[in-house]
There are 2 protein chains.
Amino acid sequence: MDSVAVENYLKSIWELGPDDVATQDLAQHLNVAPASATKMLQRLTARGLVSHIPYKGASLTPEGQLKALSVVRRHRLLETFLAQTLNLGREQLHDEAERLEHALSADLEDAIATYLGNPTKDPHGHPIPGPDGQLPTDTDLLLSESPLNQRLIISQVPDRNPEMLAWLERNEIFPDTQLELISRDSFDGGLTANLNGKTVQIASSVANEVHVSLEDDS
Amino acid sequence: MDSVAVENYLKSIWELGPDDVATQDLAQHLNVAPASATKMLQRLTARGLVSHIPYKGASLTPEGQLKALSVVRRHRLLETFLAQTLNLGREQLHDEAERLEHALSADLEDAIATYLGNPTKDPHGHPIPGPDGQLPTDTDLLLSESPLNQRLIISQVPDRNPEMLAWLERNEIFPDTQLELISRDSFDGGLTANLNGKTVQIASSVANEVHVSLEDDS
DNA sequence: TAAAAAGTTTAGCCTTGGCTAAAATAAATA
DNA sequence: TATTTATTTTAGCCAAGGCTAAACTTTTTA
Ligand SMILES: [Mn+2]
Ligand SMILES: [Mn+2]
Ligand SMILES: [Mn+2]
Ligand SMILES: [Mn+2]
């Protein structure tokens with residue numbers, strides 16, 4: 001069995017990857033000192049889960065990737081399960097799942113997936129990897145790079161930033177919301193959008209974290 | 001925040017207590033070597049959670065007891081929640097809760113309790129401590145010490161022994177089941193009981209783990 | 001009540017996963 | 001290109017929580 005720390009490192013490397021993950025970025029993502037990340041990368045390399053080239057960067061081996069995706073699957077299933085049963089707000093889900101994901105047996109994972117009807121997206125719109133790590137190829141684009149004057153459908157919102165998520169929630173921006181971009185500030189990238197008849201200003205920091213699709217659903 | 005190990009030790013001491021908990025029993029309960037238990041008892045004593053008298057035994061301080069009861073509450077809420085939402089078998093619940101109990105925030109604990117309508121018993125019939133550690137005084141008696149020829153109602157079955165639990169389940173012995181004892185073997189304490197018209201033989205090892213009440217429900 | 005057995009603690013060791021400070025390397029800048 | 005700066009790694013330390021073997025108490029038994 002992998003420890004909580006090992007699972008968190010693998011998941012973070014996956015989230016920051018696919019390759020040349022910088023020690024500093026990894027350390028920051030996990031709230032540890034860079035030296036701690038280096039040491040763990042060495043341990044994970046010794047275990048065959050990571051390939052780390054000193055001073056260059058780290059990436060997951062196939063085995064490491066499989067384990068990372070298993071954590072991601074548990075995380076997203078849990079978010080979906082908690083949202084569905086307990087009506088937790090989208091911004092509370094992540095932190096709970098972050099801890100519960102390490103305490104889920106294969107049996108319970110299966111039971112939850114079955115209960116939910118094997119969902120393919122979590123409440124933030126993130127794809128849920130299959131039991132063997134399968135992920136659909138992602139075709140949506142960033143809101144910050146989307147065309148103006150065209151119907152867009154929100155496909156993904158971030159999950160790690162409760163403040164941003166709360167703001168998005170207040171402005172009714174979440175998966176399946178429709179909107180249309182009216183203008184883009186050429187200086188700072190800020191957007192003006194039309195959403196349910198209302199006009200909303202969207203900062204570029206936000207627009208960089210939100211994904212949209214042009215098609216209906218996906 | 002208390003570690004998983006600390007929470008498990010506190011809960012085990014509570015389960016084996018209330019006082020003079022033997023090092024060996026504790027170690028066995030937690031599947032660690034006696035020397036490991038001694039060391040942890042010393043750490044917990046230094047933290048004011050346990051009072052340990054060398055060569056005599058250990059007990060929880062009021063603060064330690066509060067923390068132990070908080071773990072027990074989370075454990076039993078989780079068992080109830082999993083049973084209700086996912087229809088897990090009574091014998092699968094314990095092991096899952098054993099790990100999840102350490103990953104539950106106060107918020108999620110509240111949400112689950114509210115969702116369940118603040119239950120006072122878990123699926124094994126064990127009382128669920130209140131948010132401040134309150135527990136009703138337990139008035140039921142052991143099946144092994146119950147009178148013959150009288151209507152009895154199962155109030156508690158064990159949760160840590162999947163085999164025994166599976167046997168009980170097969171024989172329809174679980175909370176709220178009615179039964180009547182017909183005879184007790186004076187040599188080994190084995191029981192013959194009448195249950196839903198059927199006659200069942202109950203070993204004394206089982207009868208020692210099952211609680212009953214004479215009143216309806218409780 | 002002395003010896004043996006059982007239970008407990010101590011001593012010493014190990015791994016994991018943190019940290020800081022210093023050294024090494026790579027990247028950026030003058 | 002030489003130097004400064006940023007990034008990364010190494011070295012050395014620490015606490016938690018395991019373990020085994022040895023020492024010490026307490027309890028049981030002869
Ligand atoms: Mn996590
Ligand atoms: Mn998510
Ligand atoms: Mn536990
Ligand atoms: Mn229970």
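Only this structure's heavy atoms are used, side chains among them; waters, hydrogens and symmetry mates stay out. Within every chain, numbering begins at 1; the chains are lettered A, B, ... in the order of the sequence lines, protein sequences first and strands thereafter.
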Hey, does B/A22 reach any base, or is it just sugar-phosphate, or nothing, if we go heavy atoms under 4.0 Å? sugar-phosphate
If each of A/K39 and A/P54 is mapped to the nucleotide of DNA chain D with the nearest heavy atom, which maps nearer the 5' terminus, i.e. the 5' end? A/P54
For a quick test of reading the model: is some side-chain N or O of B/S36 closer than 4.0 Å to OP1 or OP2 of D/dC19? yes
Once you round it to whole Å, what is the distance between P of C/dG7 and NE2 of B/H52? 15 Å
Base, sugar-phosphate alone, or nothing: which one does A/A5 contact when heavy atoms must sit under 4.0 Å apart? sugar-phosphate
With respect to the phosphate group of D/dG17, does any side-chain polar atom (N or O) of B/S3 fall under 4.0 Å of OP1 or OP2? yes
Which nucleotide in the list C/dT8, C/dC19, C/dG17 gets nearest to the side chain of A/V32? C/dC19
Taking CZ from B/R47 and P from D/dA15, how many angstroms apart are they, rounded to a whole number? 14 Å
Using whole Å, what does the distance between atom P of nucleotide D/dA15 and atom CZ of B/R43 come to? 11 Å
Base, sugar-phosphate, or nothing: which does B/A33 touch, judged by heavy atoms less than 4.0 Å apart? base
Testing B/D138, B/T139, B/D140 for side-chain hydrogen bond (donor to acceptor under 3.5 Å, both in side chains) with B/S155, which one passes? B/D140
For A/Y55 and D/dA6, give me the distance from atom OH to atom C1', rounded to whole Å. 12 Å
For atom CG of B/L44 and atom C1' of D/dG17, their distance in whole Å: 11 Å
In whole angstrom, what separates A/M1's CE from C/dT16's P? 15 Å
Near-ring test A/H75/A/H94, centroid separation under 6.0 angstrom: yes
Would you kindly compare B/V21 and A/A35 by the position of their nearest DNA chain C nucleotide and give the one closer to the 5′ end? B/V21
With no hydrogens and no angle check, just 3.5 Å: does a side-chain donor-acceptor pair link A/N208 and A/S144? yes
Round to the nearest Å and state the distance from B/K56 atom NZ to C/dG7 atom P. 17 Å
Round to a whole Å and report the spacing from CE of A/M40 to P of C/dC19. 12 Å
Under 4.0 Å between a side-chain N/O of A/Q24 and OP1 or OP2 of D/dA6, yes or no? no
Just to be sure I understand the rule, does B/T23 reach a base, reach only the sugar-phosphate, or reach nothing, if contact means heavy atoms closer than 4.0 Å? sugar-phosphate
Grab the two heavy atoms, one from B/L148 and one from B/L181, that are nearest each other, plus how far apart they are. CD2-CB, 3.5 Å
Side-chain donor-acceptor pair under 3.5 Å between B/T61 and B/S51, yes or no? no
